[in-house]
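Convention: sequence-line order gives letters A, B, ...; per-chain numbering from 1.
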Amino acid sequence: MPPATEAFVPQLAPRLRLPAHEESLPAFRELALAWAGRAGLADEFVQRLDLVLEETLMNVFHHAYPGELGEVELALVPSGQGGQPRDGEPPGSLSVSLTDWGVAFDPLAPEDQALEEGLEANLEAGLEARAPGGMGLFLLRTLARGSYARVGAANVLTLTFGPESAPVSGA
Amino acid sequence: MPPATEAFVPQLAPRLRLPAHEESLPAFRELALAWAGRAGLADEFVQRLDLVLEETLMNVFHHAYPGELGEVELALVPSGQGGQPRDGEPPGSLSVSLTDWGVAFDPLAPEDQALEEGLEANLEAGLEARAPGGMGLFLLRTLARGSYARVGAANVLTLTFGPESAPVSGA
Amino acid sequence: MECTGSKQGAFYVLEVTGRMDALTSQGFETECQGRLEAGDKRIVADLSGLEYISSAGLRSILSAAKRLKAAGGDLAFCGLSGIVSEVFTVSGFAKLLPVYATREEALARS
Amino acid sequence: MECTGSKQGAFYVLEVTGRMDALTSQGFETECQGRLEAGDKRIVADLSGLEYISSAGLRSILSAAKRLKAAGGDLAFCGLSGIVSEVFTVSGFAKLLPVYATREEALARS
Ligand SMILES: Nc1ncnc2c1ncn2[C@@H]1O[C@H](COP(=O)(O)OP(=O)(O)O)[C@@H](O)[C@H]1O
Ligand SMILES: Nc1ncnc2c1ncn2[C@@H]1O[C@H](COP(=O)(O)OP(=O)(O)O)[C@@H](O)[C@H]1O
């Protein structure tokens with residue numbers, strides 16, 4: 001079976017597509033970290049990438065394909081590389097694009113804004129009151145800069161890691 | 001940058017696209033062997049897959065993109081899996097599809113038929129007369145069953161490994 | 001993720017190393033539960049060997065902390081660095097739970 | 001790929017283990033060249049620990065065999081199995097070069 005992509009000119013964006021279940025996590029992680037290294041990403045951004053990749057992939061594994069097994073694709077675009085020139089992207093940054101073909105969902109702007117606000121307001125709440133849900137999306141939005149688009153039947157989430165690519169947290 | 005594939009419904013064919021150079025060989029190999037294991041491929045076919053993958057990938061790395069760096073994509077379709085039913089494919093077989101966007105080249109029917117015939121005729125020739133070139137393609141055609149198609153600007157090579165999927169050699 | 005522990009005065013010190021991710025973090029809750037059943041209600045988790053934590057790790061920690069508190073004990077932390085420290089800060093866990101810079105400070109509290 | 005060797009009578013026996021692929025096989029030729037320079041012209045390559053060989057490995061072998069032959073020596077093989085045996089057979093190398101089932105047979109030849 002020919003891959004579905006044969007009509008496209010490649011853009012030097014390495015990519016991996018695997019079944020959307022937990023077993024696929026290590027392979028995605030390995031590829032992302034290998035390219036983070038090649039892109040010269042500083043350690044703090046590598047760690048954020050690692051975290052955000054786990055959060056977004058776990059969400060796709062568990063929520064994107066209710067009752068069926070779908071796929072998810074990771075593409076990596078080091079700055080300055082690829083067919084399209086990366087305008088103004090500083091060296092040592094890496095863009096990560098995650099595509100799934102599951103239910104439409106924008107993780108950067110959750111439908112349930114109330115829950116989100118509740119969570120943020122809740123950050124300093126006591127142990128008893130603290131709800132564990134929603135933390136994955138919260139970390140995603142806090143530690144990565146990115147954009148979401150529904151393209152045809154696909155969710156495409158693009159996240160960029162590197163200097164000036166994530167809101168400064170804490171400091 | 002959204003991946004070029006967002007308009008397609010996935011078919012549960014895991015795939016990996018990487019730059020067409022030697023450094024990419026281990027990652028392709030790892031993915032192929034992982035899925036050969038899941039497909040229940042018998043050891044002799046796993047070994048042939050391993051060999052044929054190296055031969056075809058090395059050829060793409062060295063010959064498909066003269067003077068530039070392109071990409072190559074590996075897709076894996078375990079028998080009985082995927083969107084399309086695999087008609088008559090026995091269990092424990094695996095199809096491997098390799099796509100590149102380099103110069104048109106059919107490794108299953110080399111342009112230089114004379115060289116090929118010379119090589120085959122040459123198999124029992126003495127040490128002195130034995131030319132080392134062409135052996136990669138010869139092993140490919142001997143140890144795998146497959147088909148080639150030029151699809152748009154892409155070379156798509158599909159190879160199947162498993163019972164009755166490769167010409168019996170020697171025995 | 002690996003947990004190794006020892007009794008230090010009134011506290012049980014748990015050294016957590018490696019990665020606390022979706023595939024491993026449940027082990028932390030299980031470990032704390034085991035200590036609680038063995039009679040240790042006051043646990044200090046030394047995270048100086050922990051390289052990574054995700055929301056699954058936070059879930060496991062929150063759950064362990066609630067159990068220990070319900071039993072009249074507590075769960076404190078020390079040795080946070082890198083992404084672990086960052087995640088504790090942005091998630092609010094650094095304010096929700098007792099976090100100390102060093103193990104000595106964590107053990108010196110009443 | 002790893003090569004370890006020892007002198008056995010008139011022969012130098014080279015035990016080749018691991019994988020002889022595009023990334024490693026050059027080492028075999030280099031090893032044989034080194035033996036030749038050290039004065040060993042008759043080499044027996046014991047491939048019973050070799051798991052894999054590709055056309056790059058065959059190239060390295062052919063090149064080593066030619067050099068040894070040109071120096072009045074030879075290169076024989078023993079212990080082939082699995083894909084290594086299959087590749088030697090289909091490539092014609094099993095007829096081109098002296099191949100023995102066991103090391104004893106390889107060492108017993110004149
Ligand atoms: N990819 C997705 N597709 C559909 N729904 C999602 C997706 N990701 C997250 N969600 C929804 O958002 C909720 C919050 O996700 P998250 O913050 O990761 O916390 P948790 O997964 O622990 O509930 C999920 O419970 C789920 O309902
Ligand atoms: N993917 C390819 N694209 C273009 N030419 C190729 C490709 N693969 C093989 N060739 C041509 O076929 C020849 C024989 O290939 P092969 O049998 O692998 O032996 P070798 O690579 O050792 O020459 C190569 O030298 C090259 O000219």
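Here the closest heavy-atom approach between residue A/Glu54 and residue C/Tyr52 is recorded as OE1-OH, 2.7 Å. Between A/Met58 and C/Ala22, the closest heavy-atom pair is CE-CB, 3.4 Å.
Separation of atoms CZ (A/Arg29) and CZ (C/Arg19) is listed at 3.0 Å; rounding is to 0.5 Å. Distance check, rounded to the nearest 0.5 Å: OG of C/Ser54 to CG of A/Leu57 gives 11.5 Å. To the nearest 0.5 Å, the span separating OG on C/Ser91 from CG on A/Leu143 amounts to 9.5 Å.
Heavy atoms closer than 4.5 Å to chain A are found in the backbone of C/Ile53, but not in its side chain. Interface residue A/Leu139: only side-chain heavy atoms are found under 4.5 Å from chain C.
Between A/Asp50 and C/Ile83, every side-chain heavy-atom pair lies at or beyond the 4.5 Å cut-off. Using a 4.5 Å cut-off on side-chain heavy atoms (C-beta onward), C/Glu86 and A/Glu44 make no contact.
Under a cut-off of 6.0 angstrom, the local environment of CD in C/Glu2 is sparse, with at most 12 non-hydrogen atoms contributed by other residues, nucleotides or ligands.
In terms of modelled atom types and a separation under 3.5 Å, the side chain of A/Glu22 and the main chain of C/Leu23 share no donor-acceptor contact.
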